[in-house]
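Below, each value reflects all heavy atoms present in this structure, side chains not excepted, and no hydrogens, waters or symmetry copies.
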Amino acid sequence: MEIINSLVTWVMKKRIHQIDLFRKYPHDVQNELFSNLISTAKNTEWGQKYGYSDKLSVREFQERVPICAYEDLYPSIERVMRGEQNVLWPSKVEWFAKSSGTTNARSKFIPVTPEALEDCHYKGGKDMLSIFVNNYPESKIFSGKGLSIGGSHHPNEFNSETRCGDVSAVIMQNLPLWAEAMRTPPLKVALMDKWEEKIEKMVEITVKENVTSISGVPTWTYVLLNRILEETGAKDITEVWPNLELFTHGAVAFGPYRELFKQLIPSDKMNYLEVYNASEGFFGIQDEPSLKDEMLLMLDYGVFYEFIPMEETEQENPRVLTLDQVELGKNYALIISTNAGLWRYKIGDTVKFTSLDPYRIKISGRTKHFINAFGEEVVVENAETAITKACEATGATITNFTAAPVYFEGKSKGGHQWVIEFSQQPSSLAHFSEVLDQTLRTVNSDYDAKRQKDLALQPPLITVAPSGAFLNWLQHKGKMGGQHKVPRLANNREYLEEILEVNNLR
């Protein structure tokens, strides 16, 4: 295994030279990539509509092609899902990554083209290992196996010859044989759709392996590691996997989990590497171990980047900046054009640049209020739908509400706490909570997955606030007036804790 580790490490390190090139010439790389995207898509229906054959400049592209939300692109995406080709991108599309977050449907379906799979998602996976072994040249990470927790996939309801699923499942299903041989558990277990059964199978198989790295969302990884300790009786994970040295994480903020993982894996050789990967693409990798939450923006993955200043996101004609125009420390809504046929797509994330040489970013939030502490991606529209249904079912009316995460503590599960001020109390608070929970599970597939058998998320915790509680908070904050609103959702507990404290609800 030492020979294999040395060989793979040598291969991986060769990529560092190319990464250094886009660090040194970021604008040249992005401009060349833009030209390739336009040239490749010029004969698609979308490319013909917007005149891509004219060899567009970036400025002309911005003038002709509108900024697109998912709802704007969905009519074209649905046609591709039904089997039409050459609509948004010339390559045949056989896979769609499924995620939550849209306002008019339970899930979004993002085309995953062969180019996006090979030149973006896979390239990102290889690069995160290249960067890691370059930073830690004595690493023995390839002497064992990488544990990855994937989702599942299923036939596309519009066209059974194609498939939809979590982007992790799409990636795993299409891995080359050499990569599949280096990971655990086997594909048939990794892609199981029943999470409780999957966790048990993963425990059974992986405790027998020499696991040297883990890749996944912190939520499910935390659940798995605790289950392994219960099953083995080990006091910590180092007794099970003594050679474990890396956890690659993304999708949710790692801050609330960091100390929990250090307790589970009390090892000086353990490292944590953050990545910015999404259904729409792979965008960033933490390239410096000391820079927590900061990631190198990956510029040669078939993604052309644009940025809207956060204060202008709701304007009809906002300024849209290219990479050479951004400034340090400012929040920008991220806009992408990709080799999956997403054109000027507003992904919904906001980023802040922490460095301009090289370009490093940190994820600063979403363009809308949301909760995504556990990968559940609950947006305001989900919350308001659920509150409405719960009120209708129990005869309640509300004055105001807000919700925030309840983080893992010890072995207790996470969840959501809802602070609600009723003007008419529900006939049954228990039934109100049940309907709220069930509606969220109906409208949001990611929330539903986390709530399966209370595996990762507990039922909602409802805190009834007294009359005037939210006004008291606004007054305390000096934010009385029509222009100031209570945030419906927050991905941290700052607002909620303040409301509890001001109203003595602790």
Side-chain angles (χ1 to χ4, degrees), residues 41 44-46 66-122 150-174 191 193 217 250-251 277-283 302-303 334-349 366-368 370 372 375-379 381-382 385 440-450:
T44 63
E45 184 177 304
W46 184 275
I67 299 292
C68 294
Y70 179 76
E71 292 75 16
D72 301 317
L73 280 179
Y74 181 70
S76 296
I77 291 174
E78 182 180 320
R79 289 172 55 201
V80 179
M81 292 182 72
R82 291 184 182 277
E84 293 188 49
Q85 299 295 338
N86 208 40
V87 178
L88 294 165
W89 191 254
S91 300
K92 187 177 182 180
V93 183
E94 298 180 322
W95 289 90
F96 298 86
K98 176 183 176 183
S99 70
S100 294
T102 179
T103 59
N104 66 351
R106 193 167 187 259
S107 299
K108 296 187 295 187
F109 296 92
I110 305 299
V112 181
T113 63
E115 292 87 349
L117 201 56
E118 187 66 37
D119 298 332
C120 188
H121 293 291
Y122 286 161
S152 59
H153 59 76
H154 54 82
N156 168 15
E157 63 178 300
F158 296 121
N159 176 7
S160 61
E161 294 183 1
T162 61
R163 299 188 71 85
C164 305
D166 298 328
V167 68
S168 59
V170 176
I171 290 170
M172 285 187 195
Q173 184 64 65
N174 291 281
L191 301 184
D193 58 356
V217 177
N277 59 331
S279 300
E280 294 86 352
F282 202 122
F283 308 126
V303 181
L334 183 61
I335 310 298
I336 58 173
S337 296
T338 79
N339 52 11
L342 301 177
W343 298 106
R344 305 202 79 199
Y345 179 77
K346 186 188 292 187
I347 192 172
D349 290 337
R366 297 280 289 176
T367 53
K368 298 180 180 180
F370 70 107
N372 191 34
E376 67 273 47
E377 296 188 20
V378 174
V379 295
E381 289 82 358
N382 300 156
T385 298
L440 284 172
R441 295 184 70 166
T442 300
V443 301
N444 185 312
S445 57
D446 287 332
Y447 178 88
D448 181 52
K450 308 303 181 295

Residues forming a salt bridge (charged side-chain N to carboxylate O under 4.0 Å, His left out) with Glu94, sequence neighbours excluded
Lys92
If you look at every heavy atom in Ile347 and Ala278, which pair is closest and at what distance?
CD1-CB, 4.5 Å
Which distance, rounded to the nearest 0.5 Å, do you find between the OG1 of Thr113 and the NE2 of His121?
8.0 Å
Qualifying residues under salt bridge (charged side-chain N to carboxylate O under 4.0 Å, His left out), relative to Arg163, sequence neighbours excluded:
none
Counting distance only, does the side-chain N/O of Asn174 pair as donor-acceptor with the main-chain N or O of Val170 below 3.5 Å?
yes
Looking only at non-hydrogen atoms, find the nearest pair between Asp448 and Arg441 and report the distance.
OD1-NE, 2.8 Å
Are the side chains of Phe283 and Asp349 in contact, using a 4.5 Å heavy-atom criterion?
no
Exercise: identify the closest heavy-atom pair between Asn444 and Asn382:
ND2-OD1, 2.9 Å
Asn86 to Pro90 - nearest heavy-atom pair and separation:
OD1-CA, 3.3 Å
Does any donor atom in the side chain of Trp95 or Gln173 lie under 3.5 Å from an acceptor atom in the other side chain?
no
Check: Trp46 and Leu73 side chains under 4.5 Å, non-hydrogen atoms:
yes
Just verifying a value: how many Å separate Cys68 SG and Arg344 CZ, rounded to the nearest 0.5 Å?
8.5 Å
In Å and rounded to the nearest 0.5 Å, what is the CE to CZ distance from Met81 to Phe109?
5.0 Å
Out of the candidates Leu88, Ile336, Thr338, only one should pair with Trp343 under the side-chain contact (heavy atoms from CB on, under 4.5 Å) rule; please name it.
Leu88
Say whether Glu118 and Tyr122, considering side chains only, have a donor N or O and an acceptor N or O under 3.5 Å apart.
no
Mind checking whether Ser279 and Lys108 have side chains closer than 4.5 Å, heavy atoms only?
no
Rounded to the nearest 0.5 angstrom, the CG-CG distance for Leu117 and Asn339 is 10.0 Å
Measure the CD-OH distance between Glu377 and Tyr447 for me, rounded to the nearest 0.5 Å.
14.5 Å
Could you tell me whether the side chain of Val303 reaches within less than 4.5 Å of the side chain of Cys120, counting heavy atoms only?
yes
With Arg79, which residues qualify under salt bridge (charged side-chain N to carboxylate O under 4.0 Å, His left out), at least two apart?
Glu45, Glu84
Please tell me if the side chains of Tyr70 and Ile110 come closer than 4.5 Å, counting only heavy atoms from C-beta onward.
yes
At their closest point, which heavy atom of Asn159 faces which heavy atom of Gly83, and how far apart are they?
ND2-CA, 3.7 Å
CD1-CG distance between Ile171 and Asp166, expressed to the nearest 0.5 angstrom:
10.5 Å
For the residue pair Leu191 and His153, establish whether any side-chain heavy-atom pair is separated by less than 4.5 Å.
yes
So Phe96 and Asn156, do their side chains get closer than 4.5 Å, heavy atoms only?
yes
Looking only at atom types and distance, does a side-chain atom of Asn277 sit under 3.5 Å from a main-chain N or O of Gly250, one as donor and one as acceptor?
no
Compare every heavy atom of Gly151 with every heavy atom of Ala169, then report the nearest pair and how far apart it is.
CB-C, 3.8 Å
